[in-house]
Amino acid sequence: MRISAGHCRQLGATPEHDGVNFAIWARLASRVELLLFASADDTTPEVIPLSPRLNRTAYYWHIHIEGIPLGQRYAYRIQGPWRPYYGTRFDADKVLLDPYGRSIELGPTYDRRAAARPGSNLAECAKNRVVDTRDYDWEGDKLPAHSLSRSVIYELHLGGFTKSPSSGVAPALRGTYLGLIDKIPYLQSLGITAVELLPVFQFDPQDAPKGLSNYWGYSPMSFFAPHAQYASGPDPLTEFRDMVKALHKANIEVILDVVYNHTAEGGGDGPTFSFRGIDNEVYYILDSNQQDTNYSGCGNTFNGAHPVVLRMIMDSLHFWRQEMHVDGFRFDLAAILSRDESGMPQANAPTLRTIDTDPRIADIKLIAEAWDAGGLYQVGSLAGARWREWNGQFRDDVRHFLRGDDNAIATFVERLCGSPDIYHYHHADPEKSINFVTCHDGFTLWDWASHDHKHNEANGEENRDGCDHNFSWNHGQEGPTEDPQINALRVRQAKNMMVATLLSVGSPMLLMGDEVLRTQHGNNNGYCQDNETCWMNWQPSIMGQEMFRFIKELIQYRKHLFQRPEQESMPLSLTEILRHSEICWHGVNAAQPDFSPHSHAIAMSALSSEAKLALYVLFNAYWEPLTFNLPSPPKGVGGYWRRILDTALPSPHDICTFGMPLEGLTREYLAQPRSSCLFICGADDFY
């Protein structure tokens, strides 16, 4: 090896000039050692000390080494002041990961606890690997670039999607990037336009209760390295890109659930494997006693307001967009990024505005979970116009209404219309709201209809974890039942939930497996259940098969009825769309809606965007049948009302196959209890 000073123009391990340039930001370090490991379980690495005179520029330490091969394992040890009263927590014994490392290897001896105990963790540490991300054939890959008006998002767990033996995927590929490729035909048949992947940044699987493992992945160790355990071989970067390329060829976008609000180092008693040992007081928001704040609910809070941390977040976003070709990001607990370095919320947060206005990611989708675990709730007020938001109020208000609660109809109506009460400003676009009734966090769709209470005993926390406010209903019996009437009602309610989600203004999102009525047996916090509890079930019941057909057809209607022509000028705002659609509300009598506290039925008629087609959708959340008098078709629309779906009818009559002729109806329709129906009028060339 030949060693030279190197540079800090690019952080991380960068292959160049027949070797590798290593660079790391460590402003308070008094000594930096680069460790080179010969194997995954090497405990006696070559130690290369960096000279403060030759290998330091301002806040950066750097070195260039010729002869370093690709795949070389490396890490750092950094010495500096131990001043916990100032928030500085250097530990020269701890092996530290490179924050900009593109690949991480946990190895057979990795032990999270060793990084939390006093002394060296050299024998149990995680290691980086040198990789070259430039050498990959994208074969002319292009982003599908679906408009949000045409989008249907499918949230899935990359490992759990194919881990079950029922998936039919080869054992070596189950739970991997390549395993997902095998299921692309399934995703195409369902009709979704984007997959939203739960975290795929390298996370710590040991960050979980004893005897369990971290399944969801909200425990990042790095913001650049793809999770190695999702690869079938030694090259997760290539396998990830193979997956993205294959999904793009199938016209499916890839959205990543990204976690820039905390790390796997946890609270003050957690491990030191990277950021804490490099600059604790910069990377984390600390309180007045220099202890970790916990706005994330995971022990620490990442300090996105600091310039160095913000630059790393932006570099991470650029990496995943430009070198990994992803189509968008969903920011976990995005409201944390509106907090300043002391943890106080900012009304016009620079971090969020920087992400919102960055030109290098201007062509991708930005989705925010606009709240945090510290009580900050910014749905409708997040800084930046490009952000779309997970609408948690949509989930709760739809559940309330379809469950039959009083005082639920007024907010339900708002949710159907794109939540103008939340996104009321004139420039909010119609797809500002990401509409969902289920996600990874909480009950699945079938569990919502099968349980009054959560059942999280398997998590080892005596059922204390998970949300207690699920607004669910077991429909007469807790958990599984052989009662055909209860099961039929549960299926009907599940269909009603999907009708509300897919026929509302906004961008719909579905949870993996809801289309086949996947159950987690009442567990509403499956973060540590890497087993059949949370895995996708590829052998659905008869009810599940019925549900799949219903959602598949409903998605086709959604795409056809809600698409808007692409416009060269500025798109219409939510306010303009609602005005142009000529939405009218009805009760059992046309033009006579009942918005009283005890009302459980509502209907809506509207024109399509091009005014060639009228829609009429009704929801009867009442426990008795109701006869609805359908309104006259809007002016300029001829013909008669034709039924597309009725969730009370048995399959396959519950929804007409897309493309088949529709039956004409009279002006009157009997809606069964707890059902929803959709009708169209006009447009003979509907298909």
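Just so you know, these numbers use all the heavy atoms, side chains as well, and skip hydrogens, waters and symmetry mates.
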Does this structure show an ion pair linking [X] with [Y], if we count only N-O contacts that are shorter than 4.0 Å?
X: D91; Y: R89; value: no
X: R27; Y: E281; value: yes
X: K163; Y: D530; value: yes
X: E253; Y: K365; value: yes
X: E33; Y: R31; value: yes
X: R73; Y: E105; value: yes
X: D372; Y: R339; value: yes
X: D111; Y: R113; value: yes

Taking atom types as modelled and ignoring hydrogens, do the side chains of [X] and [Y] form a donor-acceptor contact shorter than 3.5 angstrom?
X: D242; Y: Y177; value: no
X: Y260; Y: D332; value: no
X: S274; Y: Y76; value: no

Please work out which of the three classes, parallel, tilted or perpendicular, describes the rings of Y230 and H157, given edges at 30° and 60°. perpendicular

Please verify the inter-ring angle class for F275 with F302; under 30° counts as parallel, over 60° as perpendicular, anything in between as tilted. perpendicular

According to the ring pair (Phe, Tyr, Trp, His ring centres under 6.0 Å) rule, which pairs have a member within residues 358-388, sequence neighbours left out? F331-W387, W371-Y377

Should the pair [X] and [Y] be classed as cation-pi, given the thresholds of under 6.0 Å to the six-membered ring centre and 45° from the axis?
X: R129; Y: Y74; answer: no
X: R276; Y: Y283; answer: no
X: R112; Y: F273; answer: no

Close aromatic pair by centroid cut-off 6.0 Å: W320 and F329: no

H227 and F203: aromatic ring centres closer than 6.0 Å? yes

If the condition is ring pair (Phe, Tyr, Trp, His ring centres under 6.0 Å), which residues does W138 pass it with, not counting sequence neighbours? Y136, H325

For R321, all residues meeting side chain to side chain contact (heavy atoms under 4.5 Å, CB included), sequence neighbours excluded: L143, I361, D363, I364

